[in-house]
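Throughout, a chain's letter reflects where its sequence line sits, starting with A, and its residues are numbered from 1.
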There are 2 protein chains.
Amino acid sequence: MQQRSIASAAISVIHGAGLEGTRLRDVARAAHVTTGAVTHYFDGKEAVLEAALEEVVRRTLQRLGRGRHKPPKDVETFVAQACAHLPVDEASQMEWRVWLAFWGKAIADDRLRAIHRRYYEAFVEHVAHVLRALKPNTSSREALLTADAVIATLDGVGVRAILEPEHWPSKRQRQTATALLVPLLREFEGAKKV
Amino acid sequence: MQQRSIASAAISVIHGAGLEGTRLRDVARAAHVTTGAVTHYFDGKEAVLEAALEEVVRRTLQRLGRGRHKPPKDVETFVAQACAHLPVDEASQMEWRVWLAFWGKAIADDRLRAIHRRYYEAFVEHVAHVLRALKPNTSSREALLTADAVIATLDGVGVRAILEPEHWPSKRQRQTATALLVPLLREFEGAKKV
DNA sequence: TTTTTAAAATAATCACCGTTATGCCAAAAA
DNA sequence: TTTTTGGCATAACGGTGATTATTTTAAAAA
(Lines give C-alpha, C1' and ligand atoms only; values in the text may rest on other atoms or scores of the structure.)
Protein backbone atom coordinates (compact mmCIF):
# COMPACT_ATOMS: atom_id res chain seq x y z
CA MET A 1 0.00 0.00 0.00
CA GLN A 2 3.06 2.18 0.29
CA GLN A 3 3.54 1.87 -3.43
CA ARG A 4 0.34 3.80 -3.98
CA SER A 5 1.36 6.64 -1.71
CA ILE A 6 4.79 6.86 -3.29
CA ALA A 7 3.20 6.96 -6.73
CA SER A 8 0.91 9.74 -5.55
CA ALA A 9 3.87 11.61 -4.15
CA ALA A 10 5.59 11.25 -7.50
CA ILE A 11 2.56 12.74 -9.18
CA SER A 12 2.65 15.85 -7.07
CA VAL A 13 6.39 16.27 -7.54
CA ILE A 14 6.03 15.94 -11.29
CA HIS A 15 3.18 18.39 -11.12
CA GLY A 16 5.39 20.94 -9.44
CA ALA A 17 8.80 20.36 -11.00
CA GLY A 18 8.12 18.68 -14.32
CA LEU A 19 9.44 15.28 -15.27
CA GLU A 20 13.05 16.37 -15.69
CA GLY A 21 13.08 18.21 -12.43
CA THR A 22 11.82 15.20 -10.54
CA ARG A 23 14.44 13.72 -8.25
CA LEU A 24 13.94 10.54 -6.36
CA ARG A 25 14.81 12.28 -3.11
CA ASP A 26 11.97 14.74 -3.54
CA VAL A 27 9.52 12.00 -4.29
CA ALA A 28 10.60 10.28 -1.11
CA ARG A 29 10.27 13.44 0.91
CA ALA A 30 6.82 14.11 -0.49
CA ALA A 31 5.80 10.62 0.55
CA HIS A 32 7.26 11.17 4.04
CA VAL A 33 9.81 8.41 3.61
CA THR A 34 13.43 8.25 2.46
CA THR A 35 15.00 7.06 -0.73
CA GLY A 36 15.61 3.76 0.99
CA ALA A 37 11.91 3.10 1.10
CA VAL A 38 11.46 4.11 -2.49
CA THR A 39 14.14 1.80 -3.80
CA HIS A 40 12.79 -0.89 -1.53
CA TYR A 41 9.42 -0.80 -3.23
CA PHE A 42 10.50 -0.05 -6.78
CA ASP A 43 13.14 -1.34 -9.12
CA GLY A 44 14.40 2.11 -9.90
CA LYS A 45 13.39 5.54 -10.99
CA GLU A 46 11.78 4.42 -14.22
CA ALA A 47 9.52 2.11 -12.27
CA VAL A 48 8.47 4.92 -9.96
CA LEU A 49 7.59 7.19 -12.86
CA GLU A 50 5.72 4.43 -14.57
CA ALA A 51 3.73 3.84 -11.40
CA ALA A 52 2.91 7.52 -11.25
CA LEU A 53 1.53 7.42 -14.78
CA GLU A 54 -0.48 4.32 -14.00
CA GLU A 55 -1.90 6.03 -10.96
CA VAL A 56 -3.06 8.98 -13.04
CA VAL A 57 -4.71 6.61 -15.47
CA ARG A 58 -6.38 4.75 -12.62
CA ARG A 59 -7.83 7.94 -11.17
CA THR A 60 -9.12 9.13 -14.50
CA LEU A 61 -10.74 5.86 -15.44
CA GLN A 62 -12.25 5.59 -12.00
CA ARG A 63 -13.79 9.00 -12.46
CA LEU A 64 -15.16 7.82 -15.78
CA GLY A 65 -16.64 4.79 -14.12
CA ARG A 66 -18.55 6.94 -11.67
CA GLY A 67 -20.23 8.78 -14.54
CA ARG A 68 -21.37 5.57 -16.16
CA HIS A 69 -24.74 5.52 -14.41
CA LYS A 70 -26.12 8.74 -15.80
CA PRO A 71 -25.99 8.43 -19.57
CA PRO A 72 -26.98 11.72 -21.23
CA LYS A 73 -30.17 11.81 -23.28
CA ASP A 74 -29.46 15.03 -25.16
CA VAL A 75 -26.55 16.83 -26.70
CA GLU A 76 -26.35 19.55 -24.05
CA THR A 77 -25.84 17.20 -21.13
CA PHE A 78 -23.40 15.13 -23.15
CA VAL A 79 -21.32 18.21 -23.81
CA ALA A 80 -21.51 19.25 -20.19
CA GLN A 81 -20.30 15.85 -19.08
CA ALA A 82 -17.51 15.87 -21.62
CA CYS A 83 -16.34 19.29 -20.48
CA ALA A 84 -16.02 17.96 -16.97
CA HIS A 85 -12.97 16.07 -18.20
CA LEU A 86 -11.15 19.24 -19.16
CA PRO A 87 -8.55 20.70 -16.77
CA VAL A 88 -11.10 23.01 -15.20
CA ASP A 89 -10.19 22.57 -11.55
CA GLU A 90 -7.11 22.04 -9.41
CA ALA A 91 -7.36 18.28 -9.23
CA SER A 92 -7.89 17.62 -12.91
CA GLN A 93 -5.27 20.20 -13.78
CA MET A 94 -2.71 18.23 -11.81
CA GLU A 95 -3.60 15.02 -13.57
CA TRP A 96 -3.54 16.70 -16.95
CA ARG A 97 -0.11 18.17 -16.35
CA VAL A 98 1.33 14.85 -15.35
CA TRP A 99 -0.39 13.05 -18.18
CA LEU A 100 0.92 15.60 -20.65
CA ALA A 101 4.40 15.49 -19.19
CA PHE A 102 4.60 11.83 -20.13
CA TRP A 103 3.65 12.35 -23.75
CA GLY A 104 7.10 13.48 -24.66
CA LYS A 105 8.73 10.67 -22.77
CA ALA A 106 6.36 8.11 -24.26
CA ILE A 107 7.59 8.92 -27.74
CA ALA A 108 10.84 7.09 -27.05
CA ASP A 109 9.56 4.55 -24.51
CA ASP A 110 7.56 1.52 -25.61
CA ARG A 111 6.45 0.73 -22.09
CA LEU A 112 4.89 4.14 -21.55
CA ARG A 113 3.36 4.06 -25.00
CA ALA A 114 1.61 0.85 -24.03
CA ILE A 115 0.09 2.54 -21.01
CA HIS A 116 -1.16 5.36 -23.18
CA ARG A 117 -2.65 2.93 -25.63
CA ARG A 118 -4.50 1.09 -22.91
CA TYR A 119 -5.83 4.32 -21.52
CA TYR A 120 -7.13 5.57 -24.85
CA GLU A 121 -8.65 2.21 -25.59
CA ALA A 122 -10.69 2.37 -22.39
CA PHE A 123 -11.55 6.00 -22.97
CA VAL A 124 -12.75 5.41 -26.51
CA GLU A 125 -14.85 2.53 -25.38
CA HIS A 126 -16.43 4.62 -22.68
CA VAL A 127 -17.25 7.52 -24.97
CA ALA A 128 -18.63 5.20 -27.63
CA HIS A 129 -20.83 3.60 -25.02
CA VAL A 130 -22.19 6.93 -23.90
CA LEU A 131 -22.75 7.92 -27.52
CA ARG A 132 -24.93 4.89 -28.00
CA ALA A 133 -27.15 6.15 -25.19
CA LEU A 134 -27.53 9.33 -27.19
CA LYS A 135 -28.47 7.51 -30.39
CA PRO A 136 -29.45 3.89 -29.75
CA ASN A 137 -29.22 2.53 -33.28
CA THR A 138 -25.69 3.50 -34.16
CA SER A 139 -23.22 1.49 -36.14
CA SER A 140 -20.14 0.55 -34.18
CA ARG A 141 -18.04 2.24 -36.78
CA GLU A 142 -19.89 5.51 -36.53
CA ALA A 143 -19.77 5.50 -32.74
CA LEU A 144 -16.03 4.86 -32.70
CA LEU A 145 -15.30 7.56 -35.24
CA THR A 146 -17.32 10.07 -33.29
CA ALA A 147 -15.67 8.96 -30.05
CA ASP A 148 -12.28 9.63 -31.58
CA ALA A 149 -13.48 13.09 -32.53
CA VAL A 150 -14.76 13.80 -29.03
CA ILE A 151 -11.49 12.70 -27.48
CA ALA A 152 -9.48 14.74 -29.93
CA THR A 153 -11.52 17.75 -28.90
CA LEU A 154 -10.80 17.22 -25.23
CA ASP A 155 -7.10 16.64 -25.85
CA GLY A 156 -6.81 19.64 -28.10
CA VAL A 157 -8.51 22.03 -25.72
CA GLY A 158 -6.83 20.47 -22.70
CA VAL A 159 -3.34 20.87 -24.09
CA ARG A 160 -3.90 24.50 -24.82
CA ALA A 161 -5.36 25.09 -21.39
CA ILE A 162 -2.38 23.48 -19.71
CA LEU A 163 0.19 25.39 -21.72
CA GLU A 164 -1.53 28.75 -21.33
CA PRO A 165 -3.47 28.48 -18.07
CA GLU A 166 -3.64 32.23 -17.60
CA HIS A 167 -5.47 32.65 -20.93
CA TRP A 168 -7.63 29.58 -20.67
CA PRO A 169 -10.01 29.78 -17.75
CA SER A 170 -12.64 27.09 -17.56
CA LYS A 171 -15.15 29.25 -19.41
CA ARG A 172 -13.03 29.53 -22.51
CA GLN A 173 -12.26 25.84 -22.43
CA ARG A 174 -15.94 25.00 -22.35
CA GLN A 175 -16.71 27.51 -25.07
CA THR A 176 -14.19 26.06 -27.46
CA ALA A 177 -15.11 22.47 -26.71
CA THR A 178 -18.78 23.31 -27.13
CA ALA A 179 -18.17 25.00 -30.46
CA LEU A 180 -16.73 21.73 -31.71
CA LEU A 181 -18.91 19.19 -29.96
CA VAL A 182 -22.37 20.61 -30.55
CA PRO A 183 -22.20 20.67 -34.36
CA LEU A 184 -20.47 17.30 -34.34
CA LEU A 185 -23.16 15.71 -32.21
CA ARG A 186 -26.04 17.29 -34.08
CA GLU A 187 -24.60 15.73 -37.20
CA PHE A 188 -24.20 12.49 -35.30
CA GLU A 189 -27.77 12.55 -34.06
CA GLY A 190 -28.95 13.13 -37.59
CA ALA A 191 -31.87 15.26 -36.54
CA LYS A 192 -30.91 18.92 -36.72
CA LYS A 193 -33.49 20.98 -34.88
CA VAL A 194 -32.09 24.36 -35.96
CA MET B 1 24.84 30.23 -39.56
CA GLN B 2 26.30 27.34 -37.57
CA GLN B 3 23.69 27.95 -34.92
CA ARG B 4 21.00 26.98 -37.38
CA SER B 5 22.66 23.73 -38.33
CA ILE B 6 23.27 22.82 -34.70
CA ALA B 7 19.64 23.53 -33.90
CA SER B 8 18.60 21.32 -36.79
CA ALA B 9 20.89 18.60 -35.56
CA ALA B 10 19.31 18.90 -32.13
CA ILE B 11 15.90 18.45 -33.72
CA SER B 12 16.85 15.20 -35.34
CA VAL B 13 18.47 13.89 -32.17
CA ILE B 14 15.38 14.76 -30.14
CA HIS B 15 13.31 13.12 -32.83
CA GLY B 16 15.22 9.89 -32.44
CA ALA B 17 16.05 9.77 -28.75
CA GLY B 18 13.46 11.95 -27.05
CA LEU B 19 14.29 14.98 -24.96
CA GLU B 20 15.71 13.08 -22.02
CA GLY B 21 17.85 10.89 -24.20
CA THR B 22 19.39 13.88 -25.92
CA ARG B 23 23.05 14.37 -25.02
CA LEU B 24 25.05 17.31 -26.15
CA ARG B 25 27.68 15.02 -27.62
CA ASP B 26 25.13 13.44 -29.93
CA VAL B 27 23.87 16.79 -31.05
CA ALA B 28 27.41 17.79 -31.87
CA ARG B 29 28.04 14.60 -33.77
CA ALA B 30 24.83 15.00 -35.75
CA ALA B 31 25.98 18.48 -36.70
CA HIS B 32 29.41 17.15 -37.70
CA VAL B 33 31.19 19.19 -35.06
CA THR B 34 32.37 18.56 -31.49
CA THR B 35 30.96 19.71 -28.19
CA GLY B 36 33.49 22.51 -28.27
CA ALA B 37 31.71 24.09 -31.19
CA VAL B 38 28.34 23.63 -29.57
CA THR B 39 29.33 25.33 -26.35
CA HIS B 40 31.06 27.99 -28.37
CA TYR B 41 27.81 28.99 -30.03
CA PHE B 42 25.42 28.40 -27.17
CA ASP B 43 25.39 29.23 -23.50
CA GLY B 44 24.61 25.67 -22.52
CA LYS B 45 22.34 22.78 -23.11
CA GLU B 46 19.17 24.67 -22.30
CA ALA B 47 20.02 27.23 -24.93
CA VAL B 48 20.56 24.52 -27.53
CA LEU B 49 17.21 22.93 -26.79
CA GLU B 50 15.49 26.27 -26.86
CA ALA B 51 17.03 26.96 -30.26
CA ALA B 52 15.76 23.62 -31.48
CA LEU B 53 12.24 24.52 -30.43
CA GLU B 54 12.51 27.91 -32.08
CA GLU B 55 13.68 26.25 -35.25
CA VAL B 56 10.65 23.99 -35.30
CA VAL B 57 8.41 26.98 -34.82
CA ARG B 58 10.19 28.83 -37.59
CA ARG B 59 9.71 25.98 -40.03
CA THR B 60 6.06 25.57 -39.20
CA LEU B 61 5.24 29.24 -39.49
CA GLN B 62 7.17 29.46 -42.71
CA ARG B 63 5.10 26.65 -44.10
CA LEU B 64 2.00 28.54 -43.02
CA GLY B 65 3.27 31.63 -44.78
CA ARG B 66 3.56 29.74 -48.03
CA GLY B 67 -0.11 28.77 -47.88
CA ARG B 68 -1.21 32.34 -47.36
CA HIS B 69 -1.71 33.04 -51.04
CA LYS B 70 -4.39 30.49 -51.73
CA PRO B 71 -7.21 31.24 -49.32
CA PRO B 72 -9.91 28.57 -49.57
CA LYS B 73 -13.33 29.56 -50.83
CA ASP B 74 -15.23 26.55 -49.58
CA VAL B 75 -15.27 24.24 -46.59
CA GLU B 76 -13.79 21.27 -48.38
CA THR B 77 -10.61 22.99 -49.43
CA PHE B 78 -10.29 24.60 -46.03
CA VAL B 79 -10.43 21.20 -44.39
CA ALA B 80 -7.97 19.79 -46.87
CA GLN B 81 -5.54 22.59 -46.14
CA ALA B 82 -5.97 22.17 -42.42
CA CYS B 83 -5.32 18.44 -42.63
CA ALA B 84 -2.02 19.18 -44.31
CA HIS B 85 -0.80 20.36 -40.92
CA LEU B 86 -1.36 16.98 -39.33
CA PRO B 87 1.60 14.61 -38.92
CA VAL B 88 0.82 12.85 -42.17
CA ASP B 89 4.31 12.56 -43.62
CA GLU B 90 7.86 12.01 -42.42
CA ALA B 91 8.83 15.66 -42.23
CA SER B 92 5.81 16.90 -40.34
CA GLN B 93 5.94 13.86 -38.08
CA MET B 94 9.43 14.84 -37.02
CA GLU B 95 8.37 18.37 -36.23
CA TRP B 96 5.31 17.17 -34.35
CA ARG B 97 7.34 14.80 -32.23
CA VAL B 98 9.79 17.49 -31.26
CA TRP B 99 7.06 20.02 -30.65
CA LEU B 100 5.20 17.55 -28.49
CA ALA B 101 8.33 16.57 -26.61
CA PHE B 102 8.63 20.14 -25.40
CA TRP B 103 5.10 20.35 -24.04
CA GLY B 104 6.02 18.48 -20.92
CA LYS B 105 9.14 20.51 -20.40
CA ALA B 106 7.31 23.77 -21.00
CA ILE B 107 5.06 23.10 -18.04
CA ALA B 108 7.88 23.95 -15.67
CA ASP B 109 9.80 26.40 -17.86
CA ASP B 110 8.58 29.95 -18.39
CA ARG B 111 10.93 30.56 -21.26
CA LEU B 112 9.64 27.63 -23.28
CA ARG B 113 6.08 28.52 -22.40
CA ALA B 114 6.66 31.94 -23.91
CA ILE B 115 7.78 30.34 -27.17
CA HIS B 116 4.66 28.23 -27.23
CA ARG B 117 2.51 31.23 -26.58
CA ARG B 118 4.08 33.16 -29.45
CA TYR B 119 3.60 30.24 -31.78
CA TYR B 120 -0.06 29.80 -30.95
CA GLU B 121 -0.64 33.50 -31.25
CA ALA B 122 0.70 33.47 -34.79
CA PHE B 123 -1.14 30.29 -35.61
CA VAL B 124 -4.47 31.60 -34.33
CA GLU B 125 -4.01 34.78 -36.29
CA HIS B 126 -3.31 32.84 -39.45
CA VAL B 127 -6.31 30.55 -39.10
CA ALA B 128 -8.59 33.47 -38.26
CA HIS B 129 -7.34 35.24 -41.37
CA VAL B 130 -8.11 32.26 -43.54
CA LEU B 131 -11.51 31.91 -41.94
CA ARG B 132 -12.34 35.44 -42.96
CA ALA B 133 -11.68 34.46 -46.55
CA LEU B 134 -14.28 31.75 -46.08
CA LYS B 135 -16.85 34.14 -44.66
CA PRO B 136 -15.98 37.79 -45.32
CA ASN B 137 -18.30 39.48 -42.85
CA THR B 138 -17.24 37.74 -39.66
CA SER B 139 -16.91 39.29 -36.26
CA SER B 140 -13.38 39.14 -34.90
CA ARG B 141 -14.70 37.30 -31.89
CA GLU B 142 -16.38 34.61 -33.94
CA ALA B 143 -13.33 34.13 -36.13
CA LEU B 144 -11.03 33.76 -33.13
CA LEU B 145 -13.31 31.32 -31.37
CA THR B 146 -13.55 29.19 -34.49
CA ALA B 147 -9.81 29.41 -35.00
CA ASP B 148 -9.29 28.08 -31.47
CA ALA B 149 -11.58 25.21 -32.30
CA VAL B 150 -9.73 24.40 -35.52
CA ILE B 151 -6.39 24.41 -33.73
CA ALA B 152 -7.72 22.25 -30.94
CA THR B 153 -8.83 19.77 -33.55
CA LEU B 154 -5.41 19.61 -35.12
CA ASP B 155 -3.67 19.29 -31.77
CA GLY B 156 -6.07 16.64 -30.57
CA VAL B 157 -5.75 14.48 -33.65
CA GLY B 158 -2.03 15.15 -33.95
CA VAL B 159 -1.26 14.03 -30.43
CA ARG B 160 -3.09 10.81 -30.90
CA ALA B 161 -1.37 10.16 -34.19
CA ILE B 162 2.05 10.73 -32.66
CA LEU B 163 1.41 8.50 -29.66
CA GLU B 164 -0.12 5.67 -31.68
CA PRO B 165 1.42 6.01 -35.13
CA GLU B 166 0.72 2.40 -36.05
CA HIS B 167 -3.01 2.92 -35.52
CA TRP B 168 -3.25 6.37 -36.99
CA PRO B 169 -2.34 6.41 -40.67
CA SER B 170 -2.97 9.64 -42.49
CA LYS B 171 -6.36 8.46 -43.64
CA ARG B 172 -7.68 8.05 -40.12
CA GLN B 173 -6.25 11.37 -39.10
CA ARG B 174 -8.03 13.11 -41.94
CA GLN B 175 -11.24 11.27 -41.24
CA THR B 176 -11.34 12.31 -37.61
CA ALA B 177 -10.34 15.88 -38.31
CA THR B 178 -12.95 16.09 -41.06
CA ALA B 179 -15.66 14.74 -38.79
CA LEU B 180 -15.00 17.67 -36.48
CA LEU B 181 -14.19 20.43 -38.92
CA VAL B 182 -16.94 20.04 -41.47
CA PRO B 183 -19.86 20.45 -39.05
CA LEU B 184 -18.01 23.22 -37.27
CA LEU B 185 -17.44 25.16 -40.46
CA ARG B 186 -20.92 24.63 -41.80
CA GLU B 187 -22.17 26.14 -38.59
CA PHE B 188 -19.61 28.91 -38.98
CA GLU B 189 -20.65 29.61 -42.54
CA GLY B 190 -24.24 29.86 -41.41
CA ALA B 191 -25.59 28.43 -44.62
CA LYS B 192 -26.17 24.73 -44.27
CA LYS B 193 -26.72 23.26 -47.69
CA VAL B 194 -27.55 19.79 -46.39
C1' DT C 1 55.57 37.06 -43.87
C1' DT C 2 54.47 37.94 -39.21
C1' DT C 3 50.90 38.88 -36.01
C1' DT C 4 46.63 38.59 -34.22
C1' DT C 5 42.14 37.01 -33.56
C1' DA C 6 38.51 33.99 -33.93
C1' DA C 7 36.67 29.08 -34.42
C1' DA C 8 36.57 24.73 -32.95
C1' DA C 9 38.95 20.43 -31.06
C1' DT C 10 40.59 18.01 -27.17
C1' DA C 11 41.00 17.08 -22.65
C1' DA C 12 40.10 17.74 -17.72
C1' DT C 13 36.94 18.88 -14.10
C1' DC C 14 32.95 18.95 -11.49
C1' DA C 15 28.30 18.38 -9.96
C1' DC C 16 24.45 15.90 -9.75
C1' DC C 17 21.64 12.06 -8.73
C1' DG C 18 20.51 7.25 -9.03
C1' DT C 19 22.11 3.27 -7.09
C1' DT C 20 24.02 0.11 -3.81
C1' DA C 21 25.66 -1.28 0.68
C1' DT C 22 25.33 -1.26 5.39
C1' DG C 23 23.08 -0.80 9.72
C1' DC C 24 19.24 -0.06 12.84
C1' DC C 25 14.78 -0.75 14.85
C1' DA C 26 10.45 -2.78 15.56
C1' DA C 27 7.39 -6.41 15.36
C1' DA C 28 6.50 -11.23 15.04
C1' DA C 29 8.08 -15.94 15.97
C1' DA C 30 10.37 -19.26 18.78
C1' DT D 1 13.12 -13.14 26.69
C1' DT D 2 15.78 -14.21 22.74
C1' DT D 3 15.86 -14.60 17.94
C1' DT D 4 14.78 -13.54 13.53
C1' DT D 5 12.92 -11.30 9.69
C1' DG D 6 11.65 -7.60 6.96
C1' DG D 7 10.92 -2.63 6.43
C1' DC D 8 13.19 1.23 6.09
C1' DA D 9 16.92 4.97 7.26
C1' DT D 10 21.56 6.55 6.52
C1' DA D 11 25.48 7.06 4.08
C1' DA D 12 28.96 6.04 0.78
C1' DC D 13 29.74 5.06 -4.13
C1' DG D 14 30.01 5.59 -8.90
C1' DG D 15 28.58 6.75 -13.55
C1' DT D 16 27.11 10.01 -16.64
C1' DG D 17 27.25 14.00 -18.98
C1' DA D 18 27.42 19.10 -18.79
C1' DT D 19 30.66 22.58 -18.20
C1' DT D 20 35.19 24.77 -18.28
C1' DA D 21 39.96 25.27 -19.52
C1' DT D 22 43.60 24.66 -22.64
C1' DT D 23 45.43 23.94 -27.17
C1' DT D 24 45.45 23.75 -31.96
C1' DT D 25 44.21 25.34 -36.40
C1' DA D 26 42.89 28.49 -39.71
C1' DA D 27 41.88 32.81 -41.43
C1' DA D 28 42.33 37.77 -41.56
C1' DA D 29 44.99 41.88 -40.65
C1' DA D 30 49.22 44.33 -40.40
Side-chain angles (χ1 to χ4, degrees), chain A residues 1-56 97-98 101-102 104-112 115, chain B residues 1-56 97-98 101-102 104-112 115:
Chain A
M1 218 69 271
Q2 280 284 50
Q3 313 225 13
R4 243 348 192 349
S5 98
I6 291 173
S8 295
I11 289 174
S12 77
V13 173
I14 295 168
H15 170 65
L19 256 185
E20 325 214 352
T22 295
R23 294 175 304 171
L24 230 41
R25 292 160 162 64
D26 297 333
V27 172
R29 210 145 40 86
H32 304 294
V33 293
T34 61
T35 64
V38 175
T39 61
H40 179 74
Y41 285 108
F42 293 93
D43 281 346
K45 190 185 188 182
E46 290 302 287
V48 174
L49 297 180
E50 196 180 316
L53 183 59
E54 292 264 25
E55 175 68 21
V56 168
R97 283 168 67 121
V98 173
F102 275 100
K105 199 173 162 74
I107 291 178
D109 186 326
D110 292 337
R111 201 174 255 281
L112 294 181
I115 297 177
Chain B
M1 216 70 264
Q2 279 286 47
Q3 313 225 12
R4 238 359 187 346
S5 99
I6 291 173
S8 295
I11 289 175
S12 77
V13 173
I14 294 168
H15 170 66
L19 256 184
E20 325 213 352
T22 294
R23 295 175 304 171
L24 229 41
R25 301 167 196 298
D26 297 332
V27 173
R29 212 145 39 84
H32 304 294
V33 293
T34 62
T35 63
V38 174
T39 60
H40 179 73
Y41 286 107
F42 293 93
D43 281 347
K45 190 184 188 182
E46 291 301 289
V48 174
L49 297 180
E50 196 180 317
L53 183 58
E54 293 265 24
E55 175 66 20
V56 168
R97 282 169 66 124
V98 173
F102 275 100
K105 198 173 164 74
I107 291 178
D109 186 325
D110 292 338
R111 200 175 256 282
L112 294 181
I115 297 177

* Asked: Of all of residues 4-21 of chain B, which get a heavy atom below 4.0 angstrom from DNA chain C, listed by number?
  -> none
* Structure fact -> Exactly one of B/Leu49, B/Val13, B/Val38 clears side-chain contact (heavy atoms from CB on, under 4.5 Å) with B/Leu24, and that residue is B/Val38
* Residues in side-chain contact (heavy atoms from CB on, under 4.5 Å) with A/Thr35, at least two apart? -> A/Arg25, A/Ala28
* For DNA chain C, find the residues of residues 24-32 of chain A with a heavy-atom distance under 4.0 Å and give them by number; none if there aren't any. => A/Leu24, A/Arg25
* The side chain of A/Arg23 lies closest to which of these nucleotides: C/dG18, C/dA9, D/dA11? -> C/dG18
* Asked: Can you tell if the side chain of A/Asp109 reaches within under 4.5 Å of the side chain of A/Glu46, non-hydrogen atoms only?
  -> yes
* Pairing residues for B/Ala52 by the side-chain contact (heavy atoms from CB on, under 4.5 Å) criterion, not counting sequence neighbours -> B/Ala10, B/Ile11, B/Ile14
* To do: Please determine, for the side chain of B/Val33, which listed nucleotide (C/dA9, D/dT10, D/dA9) has the closest atom?
  => C/dA9
* Look only at the side chain of A/Lys105 and the backbone of B/Glu20, and say whether a donor-acceptor pair between them is shorter than 3.5 Å. => no
* To do: May I have the distance from A/Asp43 (atom CG) to C/dT20 (atom C1'), rounded to whole angstrom?
  => 14 Å
* d(NE2, A/His40; C1', C/dT19) in whole Å -> 16 Å
* Structure fact -> Rounded to whole Å, the CG-C1' distance (B/Leu49 to D/dG17) equals 13 Å
* Proximal nucleotide (of D/dT10, D/dA18, C/dG18) relative to the A/Lys45 side chain -> C/dG18
Below 3.5 Å between N/O atoms, which protein atoms pair up with nucleotides 21-27 of chain C? Just atom names and distances, please.
none

* Asked: Applying salt bridge (Lys or Arg N to Asp or Glu O under 4.0 Å), which residue pairs with at least one partner in residues 4-19 of chain B are found, sequence neighbours left out?
  -> B/Arg4-B/Glu55
* **Check: A/Leu53 and A/Glu50 side chains under 4.5 Å, non-hydrogen atoms** => no
